[in-house]
Amino acid sequence: MSTNPLIFEHSRPGRRAAAQIPRAVDDNALADLPAHLRREGKPALPEVSEPEVVRHYTNTSAQNFAIDKQFYPLGSCTMKYNPRGANKAAMMPGFLARHPLAPERHSQGYMECMHELQDFLKEVTGMEDVSLAPMAGAQGEFSGVAMIRKYHEANGDDERSEILIPEAAHGTNPATAVMCGYKVREVPVGKDGDVDLDALKEAVGPQTAGLMMTNPSTCGVFERKIEEIAKTVHDAGGLLYYDGANLNAILGKVRPGDMGFDVIHMNLHKTFATPHGGGGPGAGPVGVSKRLQRYMPTPVVGQRDNGSFYWKDTDELPDSIGHLSAFMGNAGVLLRAYFYAMVLGREGMIRVGEYSTLAANYLSKRLQDVGCDAAYPSRRASHEFLLTFARQAKHNGVTAVDVAKRLLDYNQHAPTVYFPLLVPECFLIEPTETETKEALDRFVDAMENILKEAKDDPDLLHGAPYTQPLTRLDEVQAAKELDLAYKEEGAA
Amino acid sequence: MPYIPHTPDEVRSMLDTIGAESIEALFDEIPAHLKADKLDKLPEGRPEMEVLAQMGERAARDGQPLCFLGAGAYDHHVPAAVWELATRGEFYTAYTPYQAEASQGTLQTIYEFQTMMSRLTGMEVSNASVYDGASGLAEAVLMALRANRKSKSRRVLVPDAVNPRYRAAVESITSNQGVEQELVPFCTEAGQTLTDSLKPYEGDDYAALVVPQPNFFGSIEEVDALTNWAHEQNMLVIALVNPTALALLTPPGEWGQQGADIVVGEGQPLGCPISSGGPYFGFMCCTRKLVRQMPGRIIAKAEDTEGRTGYTMTLQAREQHIRRSKATSNICTNQGLAMTAATIHMALLGPEGLTNTAAQSHSKLNQLLDKLTAIDGVEKAFTAPGFHEAVIRLPKPAQAVVDALSEQNILAGYPLSQSYHGQDDQLLICATEKRTEDEMDRFANALQEVLQ
Amino acid sequence: MSQIPEELRYATSHEWVRMEDDGNVYVGISDHAQDSLGDLVFVEPPEVGDEISTGDECGVVESVKAASDIYAPMSGEVIAVNENLEDSPELVNQDPYGDGWIYQLKPANKAEWDELLSADDYATTLEDDED
């Protein structure tokens with residue numbers, strides 16, 4: 001039984017979306033294709049009419065939570081409003097029709113936008129230069145660490161084999177370090193949420209290639225000893241990598257370049273309000289300090305003295321870590337971010353940091369007032385903060401997942417759960433600057449009710465959610481059976 | 001304040017609740033001397049109307065030239081409904097489907113996508129997409145190294161006839177892990193990778209052979225022979241395919257005796273406009289045996305507590321957010337929206353639509369070749385049959401011809417001199433179902449003039 | 001409190017080892033290990049014929065929320081793997097010291113047996129972990 005049939009279940013032999021089917025060609029036109037390399041029969045795609053397709057995907061989309069519908073306070077994900085204007089701008093026919101290998105004369109308009117975006121990102125992060133090439137945050141991270149590696153190699157510094165990573169870091173950090181051929185050493189986090197500086201001093205050495213850090217950290221607090229950390233790593237000959245996942249918190253207030261970072265990636269799908277699209281596409285530009293500039297991923301937009309724009313490629317940047325995609329990254333996402341940057345401008349950038357921090361501190365205070373436990377009660381929230389349900393887990397047998405699932409019944413998307421791993425039964429909550437005070441208050445009301453339910457009727461939470469298209473799914477059975485593609489009934 | 005809703009009264013009341021004097025006070029944990037100055041170099045903000053007007057002017061300036069350029073990005077028709085649906089707020093502004101009960105729209109769409117890609121490629125398993133075809137090939141190479149237990153090698157065989165931009169991306173992404181690409185030469189007459197060229201590698205340890213179909217020159221490869229050779233040598237086969245071509249050509253799952261092991265490719269032809277190179281998506285499929293070595297997100301069918309069918313993320317223990325330094329890749333996102341568009345695109349085209357698209361593209365390439373090779377001094381460079389791209393030889397350097405035609409608002413193709421030595425007179429051209437007889441004549445006439 | 005049979009030896013990485021009369025050993029993961037991983041959905045044992053050294057990663061156990069490497073508690077040659085786990089990984093949860101064994105090893109150096117933890121010592125490491 002299914003609440004929403006698959007597109008394949010609408011399929012009927014011979015049904016067509018006829019307006020979308022190009023004219024058939026004469027069989028002779030295919031005669032030059034070698035018979036032994038021809039496909040037998042047509043690919044078994046669904047056979048459906050156009051109105052059915054439109055209705056099916058409209059109904060399917062309706063089964064999602066989305067920022068356009070709900071409050072979505074996922075920590076470290078920055079689910080803010082995605083301006084419709086940005087979509088309109090990126091979907092202009094001239095941009096959509098531009099071939100990625102089109103010559104310069106057919107690319108000046110696009111490149112001018114990208115050049116301005118590069119300049120904008122440089123200024124707002126305080127870095128020397130920016131490459132827009134990486135297609136997502138994880139690829140930005142990859143480029144950053146690959147540049148660190150090239151830098152050490154160019155200095156003949158071959159002994160550096162380790163990347164240091166605070167234990168609260170995103171999982172991408174260690175995965176990236178390994179993709180770049182490094183070993184990972186984790187650095188503990190102290191009880192106040194800051195990196196344990198003594199442990200860091202013990203961990204650094206001639207084997208240290210660099211440190212990857214998020215600031216504010218994934219504990220939702222600003223790393224107060226950042227300068228000492230930077231000095232410790234730099235003194236040991238390592239470089240400092242800034243994971244820009246939480247850039248929203250400090251936009252316009254502090255610049256990673258000024259904190260001493262050598263390389264940074266930005267998640268434009270977070271900080272610059274481009275859509276998450278159910279899991280991509282993102283864009284993860286990298287900013288670099290002067291000493292890493294020559295290693296930037298290509299291509300980068302350059303400007304000649306006569307004002308025209310051109311692609312700087314590996315011929316001009318021979319030490320570059322190279323291309324990360326077939327062309328030049330997720331252009332359409334970059335155009336959306338450009339639109340956002342231009343609408344907000346200087347004052348708007350500063351306001352992002354300010355109002356996202358205001359919203360987070362307000363929500364944190366109100367939630368603590370109604371009985372939630374903050375993981376770091378003595379600290380200011382950055383743009384996000386951590387709650388822990390360890391107390392409820394112990395006394396009522398209610399876990400963070402139970403609370404998260406119950407929130408769906410209050411028409412609120414759950415925050416990030418069980419991350420970072422070092423805080424038990426945690427919620428990482430990031431309200432962003434675009435939510436009204438009423439929306440924040442509604443979330444508090446929901447949480448207050450749920451805490452009460454947790455005491456009075458824990459089983460109610462164990463069974464949640466009740467109002468969604470489905471109840472909880474059996475992930476264990478799903479992983480054992482691994483049904484990853486539909487088969488028609490009776491099919492082999 | 002664009003996109004920020006708070007009135008001054010609300011700000012005051014929120015600060016009172018917090019017990020802070022001002023917004024600035026919320027930043028009191030940040031050392032004062034680290035605070036940014038006024039960011040004077042940034043422009044002032046502007047209303048939507050002005051920004052749209054300026055971007056509109058720039059978009060128009062790029063001119064929408066007539067496109068016979070392919071080389072990895074293909075100008076196919078995209079049904080109007082595709083992006084109307086994909087940019088619905090419910091798809092467009094949803095996050096990664098971590099909360100399955102609140103994300104069935106995205107999850108079901110991915111499951112449908114996986115099913116369509118499995119069927120198109122003839123493989124058992126598909127993931128939810130990776131960034132693009134080039135980075136997808138890099139992921140496939142790393143996957144093959146993990147998966148091939150019979151090989152201890154960090155080397156893979158890659159035909160020189162694989163898109164050079166893909167080879168460059170593979171180099172950037174995998175070289176830090178000690179991966180080496182050994183280039184297999186192509187036959188300069190046929191424009192194909194011959195099994196004879198593989199002889200020198202027999203008995204050597206390579207983890208995988210990449211088999212493009214069609215290759216960068218548009219030529220159709222003898223995939224069965226290549227696949228069998230690789231398997232006899234204990235190498236895995238990574239098929240690198242154009243998804244449109246698969247409507248006409250043998251799916252990789254049926255290549256040779258055993259079929260390909262891993263299939264990757266650029267998904268752009270399935271519903272993504274060429275749009276300056278992205279967002280596109282890379283698709284990635286494999287045999288069931290290798291599923292745990294596959295990077296990226298995978299969705300499985302599941303049952304809820306009431307016995308109803310739903311969909312959920314699965315095999316997450318492979319992924320970075322759980323496995324951290326031992327993950328199969330650092331990838332987190334897929335190209336969700338582009339993949340959603342592709343799913344809708346394939347649903348609208350159906351078996352007949354995709355087949356006719358491929359057949360029209362192929363047939364128009366042959367028409368175009370007839371028109372162009374009728375010009376004195378212009379001839380086909382290779383003898384192998386092509387899909388919807390082919391290389392022609394010109395009596396002048398191809399780059400100069402491309403530059404001249406671009407003045408007439410025609411993208412004539414890709415000069416191979418940009419990637420290959422000694423092929424300065426060769427031009428890679430492309431036709432899709434969109435190109436009309438008139439457009440082809442315009443190209444042929446312009447080319448004739450330039451060559452005179 | 002998890003079960004820790006007296007007659008077995010243990011590695012700090014939570015594998016157990018049982019010595020048979022013929023000198024070969026069975027290897028699995030402890031009750032504590034299966035309990036902290038939760039419902040297993042997949043077990044990847046080493047391959048028969050693999051030569052492994054103490055401390056090598058030689059397999060993976062996977063639940064919905066975690067994947068954990070299996071380390072070799074002793075050096076030797078893998079002479080059998082538990083094929084039932086392919087379809088029924090839950091055996092490791094249900095009977096970690098019996099039907100849930102993972103592979104059988106022909107030890108290269110039987111002296112390594114004496115270096116493994118006794119049941120008491122293993123219990124102590126678990127208590128230490130909880131502190």
Side-chain angles (χ1 to χ4, degrees), chain A residues 2 17 20-22 25 29 32 42-44 57 61 63-68 85 89 92 94-98 100 103 109 123 135 138 171 174-176 180-181 184 222 275-281 322-323 326-327 330-331 342 345-346 348 354 362 436-437 468 470-471 473 478 483 485-486, chain B residues 5 14 41-42 44-45 48 51 55 58-59 61-62 64 79 85 89-90 92-96 101-102 104-106 115 118-119 131 134 165 168 172 176 273 275-279 300-302 304-305 309-310 312 320-321 324-325 327 330 333 335-337 348 351 353 356 359-360 363 406 433:
Chain A
S2 173
Q20 305 307 339
I21 296 180
V25 301
D32 60 324
K42 294 181 172 124
Y57 287 104
S61 76
Q63 302 215 330
N64 272 354
F65 271 44
I67 317 168
D68 281 1
M92 287 174 175
F95 289 135
L96 292 186
R98 191 187 155 267
E123 174 68 7
M135 288 178 288
T176 298
C180 292
V184 173
F222 188 85
H276 283 81
H323 276 263
F327 300 110
N330 276 334
M342 291 302 122
R346 190 182 64 82
E354 291 183 341
Y362 173 74
T436 61
K437 182 168 172 295
Q468 299 305 308
L470 298 169
T471 56
L473 293 158
D483 177 340
Y486 177 72
Chain B
M14 289 163 82
K41 286 188 206 151
L42 293 183
E44 295 297 310
E48 175 176 294
V51 177
M55 289 180 81
R58 289 181 185 174
R61 203 194 302 164
D62 288 345
Q64 298 192 45
L85 289 165
E90 297 91 331
Y92 189 75
T93 74
Y95 192 70
T96 299
E101 302 85 350
Q104 284 299 306
T106 294
T115 305
S118 291
R119 292 177 177 195
Y131 306 130
R165 291 175 162 270
S172 311
N176 288 326
S275 57
S276 290
K301 187 171 146 183
D304 78 354
T305 54
T309 296
T312 183
Q320 49 76 29
H321 62 281
R324 298 178 75 85
S325 64
N330 73 345
T333 66
Q335 296 279 105
L337 212 56
L348 280 168
N356 288 9
Q360 280 280 354
S363 154
S406 118
E433 80 286 0

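A note on names: the letters A, B, ... follow the listed sequences, proteins ahead of strands, and every chain is numbered from 1.
Taking A:Gly345, A:Gly109, A:Gly85 one by one and counting their heavy-atom pairs under 4.5 Å with chain B, the maximum is reached by A:Gly109. When B:Gly277, B:Pro279, B:Ser276 are compared by the number of non-hydrogen pairs under 4.5 Å with chain A, B:Ser276 comes out ahead. Across A:Gly94, A:Ser61, A:Ala175, A:Ala17, the residue that shares the most heavy-atom pairs under 4.5 angstrom with chain B is A:Ser61. Between chain B and the options A:Ala97, A:Pro103, A:Gly348, A:Ala326, heavy-atom pairs under 4.5 Å are most frequent for A:Ala326. The candidate with the highest count of non-hydrogen atom pairs below 4.5 Å against chain A, out of B:Asn356, B:Asp62, B:Leu348, is B:Asp62. Chain A forms more heavy-atom pairs under 4.5 Å with one residue of B:Ala300, B:Ala302, B:Ala134, B:Ser275 than with any other, namely B:Ser275. Your options are A:Gly322, A:Pro275, A:Gly181, A:Ala478, and the one with the most heavy-atom pairs under 4.5 Å with chain B is A:Pro275. In terms of heavy-atom pairs under 4.5 angstrom with chain A, the leader among B:Arg61, B:Gln64, B:Glu101 is B:Glu101. Comparing B:Ala168, B:Ala102, B:Ala359, B:Pro79 by heavy-atom pairs within less than 4.5 Å of chain A, the highest count is held by B:Ala102.
Contact annotation: the side chain of A:Leu473 approaches that of B:Gln104 to within less than 4.5 Å [non-hydrogen atoms, C-beta and beyond]. Taking 4.5 Å as the limit, some side-chain heavy atom of A:Asn330 sits within range of a side-chain heavy atom of B:Gln335. When side chains are defined from C-beta on, A:His276 does not count as touching B:Thr96, because their heavy atoms never get closer than 4.5 Å.
The minimum heavy-atom distance between A:Leu470 and B:Thr309, with the atom names listed, is CD2-O, 3.6 Å. Summarising the geometry of A:Gln468 relative to A:Phe65, their closest heavy-atom pair is OE1-CE1, 3.2 Å, with the distance given to 0.1 Å. The minimum heavy-atom distance between B:Asn330 and A:Ala138, with the atom names listed, is ND2-O, 2.9 Å. Heavy-atom minimum distance, B:Gly89 versus A:Asp68: CA-OD2, 3.1 Å. Heavy-atom minimum distance, A:Tyr362 versus A:Lys437: OH-CE, 3.5 Å.
Only the side chain of B:Ser118 comes within contact range of chain A, judged by heavy atoms closer than 4.5 Å. Proximity to chain A is limited to the side chain of B:Leu85, based on heavy atoms less than 4.5 angstrom apart.
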